[in-house]
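This report refers to the structure that appears directly beneath it.
Computed from heavy atoms alone, side chains included, the values below leave out hydrogens, waters and symmetry copies.
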Amino acid sequence: MKRLTSVTRRDFRVLVSTLMIGIILGSTTVALAATVNGNWFYYGPVNGYYYQNQATVVTPSTGGVYAGTWVQNQNSGNVPAGYMGAFSRLYTSNGVQVENSSWNYNSTAAYEIGQNTPFDYTNGTYYSVGATAAYNGNGYTTYQTYQSPDLTY
């Protein structure tokens, strides 16, 4: 009977140790990568080209959150240098803009370009709305993206 008591105590220590390891591992925050994309917005022709743009929010596995904006030619092939521009904005779910990018224009002939905001590292829920520019022969016409879905970081 004494032997049975000794085995039970050892099993209890193993159980408690395993439980503590599980609690420690369960409370560790794991960064998961995620991306949400807004709907494509189609526009054109602008100076002979048809475009589409899109807003995204990304939480990479390394941490943080940022917004991206994409613009691309609706048809196959490149548009000339300087014909497309992209600008990104990151908002909290209550509509406060927390990050924005500078404008990025295609410096060479390209099918698509994108532009990202700087990272934000505050936990919360975010969405993105960007803008794109299309060269109209006498300057640029700008088009806002559709709002992306919310993404929680």
Side-chain angles (χ1 to χ4, degrees), residues 14-153:
V14 170
L15 177 64
V16 170
S17 298
T18 303
L19 181 61
M20 293 303 293
I21 290 170
I23 290 171
I24 291 169
L25 291 177
S27 66
T28 303
T29 302
V30 176
L32 299 175
T35 301
V36 294
N37 298 312
N39 291 337
W40 286 104
F41 176 73
Y42 299 90
Y43 56 97
V46 181
N47 203 29
Y49 292 93
Y50 292 83
Y51 300 94
Q52 58 193 58
N53 67 25
Q54 183 182 53
T56 66
V57 178
V58 180
T59 58
S61 59
T62 55
V65 59
Y66 66 89
T69 298
W70 290 97
V71 58
Q72 65 186 37
N73 185 1
Q74 284 186 42
N75 302 310
S76 61
N78 296 336
V79 299
Y83 272 49
M84 295 183 292
F87 175 82
S88 296
R89 294 181 298 250
L90 180 67
Y91 294 87
T92 63
S93 60
N94 60 1
V96 176
Q97 183 180 327
V98 293
E99 297 290 349
N100 65 270
S101 71
S102 58
W103 278 95
N104 177 36
Y105 294 88
N106 64 311
S107 58
T108 61
Y111 167 71
E112 68 178 1
I113 61 165
Q115 179 71 327
N116 298 330
T117 65
F119 281 77
D120 193 285
Y121 292 95
T122 305
N123 289 333
T125 302
Y126 296 89
Y127 68 88
S128 171
V129 177
T132 58
Y135 180 68
N136 61 27
N138 189 31
Y140 291 90
T141 306
T142 58
Y143 298 86
Q144 187 166 292
T145 66
Y146 288 122
Q147 180 177 314
S148 76
D150 287 348
L151 182 61
T152 300
Y153 163 67

task = Could you go through the side-chain contact (heavy atoms from CB on, under 4.5 Å) check for Val98 and Thr122 one step at a time?
result = CA-CA 10 Å; Val98 293; Thr122 305; over 6 Å; no
request  = Work out which heavy atom in Arg89 is nearest to a heavy atom in Gln97; give both atom names and the distance.
outcome  = CD-OE1, 3.6 Å
query = Is a donor on one side and an acceptor on the other found under 3.5 Å between the side chain of Gln54 and the backbone of Gly38?
reply = yes
message = Testing the basics here: between Tyr146 and Trp40, what is the closest heavy-atom pair and its distance to 0.1 Å?
response = CE1-O, 3.4 Å
task = Rounded to the nearest 0.5 Å, what's the gap from OG on Ser128 to CG on Asn100? Could you check?
result = 11.0 Å
query = With a 6.0 Å cut-off on ring centres, are Tyr83 and Tyr49 close enough?
reply = yes
key: Minimum heavy-atom distance Phe119-Pro60, with the two atoms named   = CE2-CG, 3.5 Å
ask   = When you measure from the side chain of Thr92 to the backbone N and O of Tyr126, does any donor-acceptor pair fall under 3.5 Å?
value = no
ask   = Distance only, no hydrogens: is a donor on one side chain within 3.5 Å (strictly under) of an acceptor on the other, for Asn37 and Thr56?
value = no
note = In terms of heavy-atom contacts, Tyr143 and Ala134 come closest through CE1-CB, 4.4 Å
inquiry  = Would you compute the distance between atom CD of Gln115 and atom OG of Ser88 and round it to the nearest 0.5 angstrom?
reply    = 6.0 Å
task = With rounding to the nearest 0.5 Å, note down the distance linking OH in Tyr42 to CG in Asn53.
result = 10.0 Å
ask   = Which of parallel (below 30°), tilted (30 to 60°) and perpendicular (above 60°) describes Tyr140 and Tyr105?
value = tilted
note = Heavy-atom closest pair (Ser148 atom, Ala55 atom, distance to 0.1 Å) is CB-O, 3.8 Å
query = Would you say the side-chain atoms of Thr132 and Tyr43 include a donor-acceptor pair closer than 3.5 Å?
reply = yes
Heavy atoms of other groups near Asn94 CG, more than 12 under 6.0 Å = yes
ask   = Are the side chains of Val71 and Glu112 in touch, meaning some heavy atoms are under 4.5 Å apart?
value = no
query = Hey, does Asp120 have a side-chain heavy atom less than 4.5 Å from the side chain of Tyr66?
reply = no
inquiry  = Do Leu90 and Val65 make a side-chain contact, defined as non-hydrogen atoms from C-beta onward lying under 4.5 Å apart?
reply    = yes
ask   = Do Val46 and Tyr135 come within less than 4.5 Å of each other through their side chains, counting heavy atoms only?
value = no
inquiry  = With rounding to the nearest 0.5 angstrom, report the CG to OG1 distance, Leu151 to Thr35.
reply    = 7.5 Å
query = Taking atom types as modelled, is there a side-chain donor on Thr125 or Ser93 under 3.5 Å from an acceptor on the other?
reply = no
request  = Keeping the roles fixed (side chain from Asn106, backbone from Gly82), state whether a donor-acceptor pair exists under 3.5 Å.
outcome  = yes
Note, Tyr51 side chain near Met84 side chain (heavy atom, < 4.5 Å) = yes
query = Does the Glu99 side chain pair with the main chain of Thr117, one donor and one acceptor, at a distance under 3.5 Å?
reply = no
ask   = In Å and rounded to the nearest 0.5 Å, what is the OG to CZ distance from Ser101 to Phe87?
value = 5.0 Å
key: Tyr50 versus Asn73, side-chain donor and acceptor atoms under 3.5 Å   = no
